[in-house]
Amino acid sequence: MSLDLPTAWALLILFAVFAYVVMDGFDLGIGILFPVFPVGRERDQAINSIAPVWDGNETWLVLGGGGLMAAFPLAYGVILTALYPPIIAMLLGLVFRGVAFEARWRDPAHRPWWDVAFTGGSLVAAFAQGVTLGALLQGIAVEDRAYAGGWLDWLTPFSLLTGASVVVGYALLGATWLIWKTEGEAQAHARRLAPWLALGLLAGIVGVSLATLGLEFDYHRRWTTYPVVLLTAQVPLLTAILGYAFWRALRRGRELAPFLLTLGLFALTFAGLAISMFPYIVPRALDIHAAAAPDASLRFMLVGAVVLIPVILAYTGWAYWVFRGKVGHAGYH
């Protein structure tokens, strides 16, 4: 059975957002963890581990945002109008961390200040992304195909919870990346942080999941109605299995497995997000068919996406393959 065009584009955008979380999440996480690593060799190893790939990771954010604007212009207009403050904060955070990343090497006299900017930009960007997700899940007021809410409707205890959970999740991605890519004290430090961050992420997943069931949208029915519950019950079960496998991998001194298992936890949260929202793109207000661009436009853009996405995957995979080894003590710059 073939997918209709709005559904195909919704899946493409979901893939782009997940790819962004996978690839930019760990380097945002390293920025969040930066202050806990001592100045000198450990910090240099941490930042050198992402130096060859960090700027290419944000390609997927551009693709996801651009795809939303082109494929679902009505939803794009509503979401941006409702969420300007956290989205602007996210973009400013990404700008600050990008400038700081390069400037800390070229302006060593002010490196402590650039390190603060790197950490602050990473923290603000990660928190803003989580707040944006929470604000979208809790619903956006729409009347006559336009945003009808207030300036601060996005700011609620639920959105703050999702923001904090994303920060902890990205920090765990950063720690497990360092377990894989570094050695010596930096690796040992990351290995000590990982169990506590994993507990924090699991607590965040449980907290956000329970809070989501209490929102006004029919999330409770989507997750608990028989026979759908036979499928949805597998998500928390798999989350528990991955959490146990993560703990075992750390105890056995594995290097790559903790990172892959953390990505698995993120994949499960995305599966839960799809179960909760589909076919809506703005819960209670706009589904993917009501918000979609004309079929002719979607079809035209889909041809470009089918060509472009494999190219992006190919050069991204090649970059990661070239820099696949452990990071040394010599600087990348």
**OP:** Determine, stepwise, if the pair Leu28 / Leu94 fulfils side chain to side chain contact (heavy atoms under 4.5 Å, CB included).
**Re:** CA-CA 9 Å; Leu28 285 171; Leu94 292 174; 4.2 Å; yes
**OP:** Give the intermediate values and the outcome of salt bridge (Lys or Arg N to Asp or Glu O under 4.0 Å) for residues Glu255 and Lys326.
**Re:** CA-CA 11 Å; Glu255 295 188 339; Lys326 293 277 190 182; 3.1 Å; yes
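The backbone N or O of Gly149 lies less than 3.5 Å from no partner atom in the side chain of Asp153, so there is not a single donor-acceptor pair. Looking at Lys181, its side chain does come within 3.5 Å of a backbone N or O of Arg324 through a donor-acceptor pair. Distance alone, capped at 3.5 Å, is enough to place a donor-acceptor pair between the Gln187 side chain and the Thr182 backbone.
Hydrophobic clustering (side-chain heavy atoms under 4.5 Å, transitive across Ile, Leu, Val, Met, Phe, Trp, Tyr) keeps Val124 apart from Trp114. Cluster membership for Leu313 and Val17, using ILVMFWY side-chain heavy atoms within less than 4.5 angstrom, is shared. Under a hydrophobic clustering in which Ile, Leu, Val, Met, Phe, Trp and Tyr are joined whenever their side-chain heavy atoms come within less than 4.5 Å, directly or via other members, Val62 and Leu92 fall into different clusters. Side-chain heavy atoms closer than 4.5 Å link hydrophobic residues (I, L, V, M, F, W, Y) into clusters, and following such links, possibly through other members, connects Val78 to Tyr84. Residues Val311 and Met301 share a hydrophobic cluster, clusters being chains of Ile/Leu/Val/Met/Phe/Trp/Tyr side chains in contact below 4.5 Å.
Proximity of Thr132 to Met90: side-chain heavy atoms (C-beta onward) are nowhere separated by under 4.5 Å. Taking 4.5 Å as the limit, every side-chain heavy atom of Thr269 sits out of range of all side-chain heavy atoms of Val235. Looking at heavy atoms from C-beta onward, Asp27 lies out of side-chain contact with Trp177 at the 4.5 angstrom threshold. Using a 4.5 Å heavy-atom threshold, the side chains of Leu178 and Phe37 count as touching. Annotation: side chain of Leu173 is in contact with side chain of Phe259 (closest heavy-atom distance under 4.5 Å). Taking the side chain as every heavy atom from C-beta outward, Leu250 and Arg191 approach each other to under 4.5 Å. The shortest side-chain heavy-atom distance between Phe34 and Arg43 falls under the 4.5 Å cut-off. Under the 4.5 Å side-chain criterion, counting only non-hydrogen atoms from C-beta, Asp24 is not in contact with Tyr170.
Note: Leu172 CG to Leu202 CG = 8.5 Å, rounded to the nearest 0.5 Å. We find the CD1-CZ distance between Ile32 and Phe118 to be 9.5 Å, quoted to the nearest 0.5 Å. One distance of note links CH2 of Trp151 with OG1 of Thr81; it measures 10.0 Å at 0.5 Å rounding. Atom CD1 of residue Ile13 and atom OH of residue Tyr76 lie 11.5 Å apart, to the nearest 0.5 angstrom. The CZ atom of Arg248 lies 3.5 Å from the CZ atom of Arg252; values are rounded to the nearest 0.5 Å.
For the residue pair Gln138/Ser159, the side-chain donor-acceptor check at 3.5 Å is not satisfied.
The neighbour count for Tyr320 OH, taken as heavy atoms of other residues, nucleotides or ligands under 6.0 Å away, is above 12. Around OH of Tyr147, the count of heavy atoms belonging to other residues, nucleotides or ligands within 6.0 Å exceeds 12. Atom NE2 of His289 has more than 12 neighbouring heavy atoms from other residues, nucleotides or ligands inside a 6.0 Å radius. Atom CZ of Arg192 has more than 12 heavy atoms from other residues, nucleotides or ligands within 6.0 Å.
Geometrically, Arg111 engages Trp105 in a cation-pi contact, judged by NZ or CZ lying under 6.0 Å from the ring centre and within 45° of the ring axis.
Among Leu261, Leu263, Thr262, the one residue that satisfies the side chain to side chain contact (heavy atoms under 4.5 Å, CB included) test with Leu242 is Leu261.
For Trp60 and Tyr20, the ring centers are positioned 6.0 Å apart or more.
The aromatic rings of Tyr244 and Trp247 sit tilted relative to each other, their planes meeting at an angle between 30° and 60°.
When every heavy atom of Val131 is checked against every heavy atom of Pro86, the shortest pair comes out as CG1-CB, 4.2 Å.
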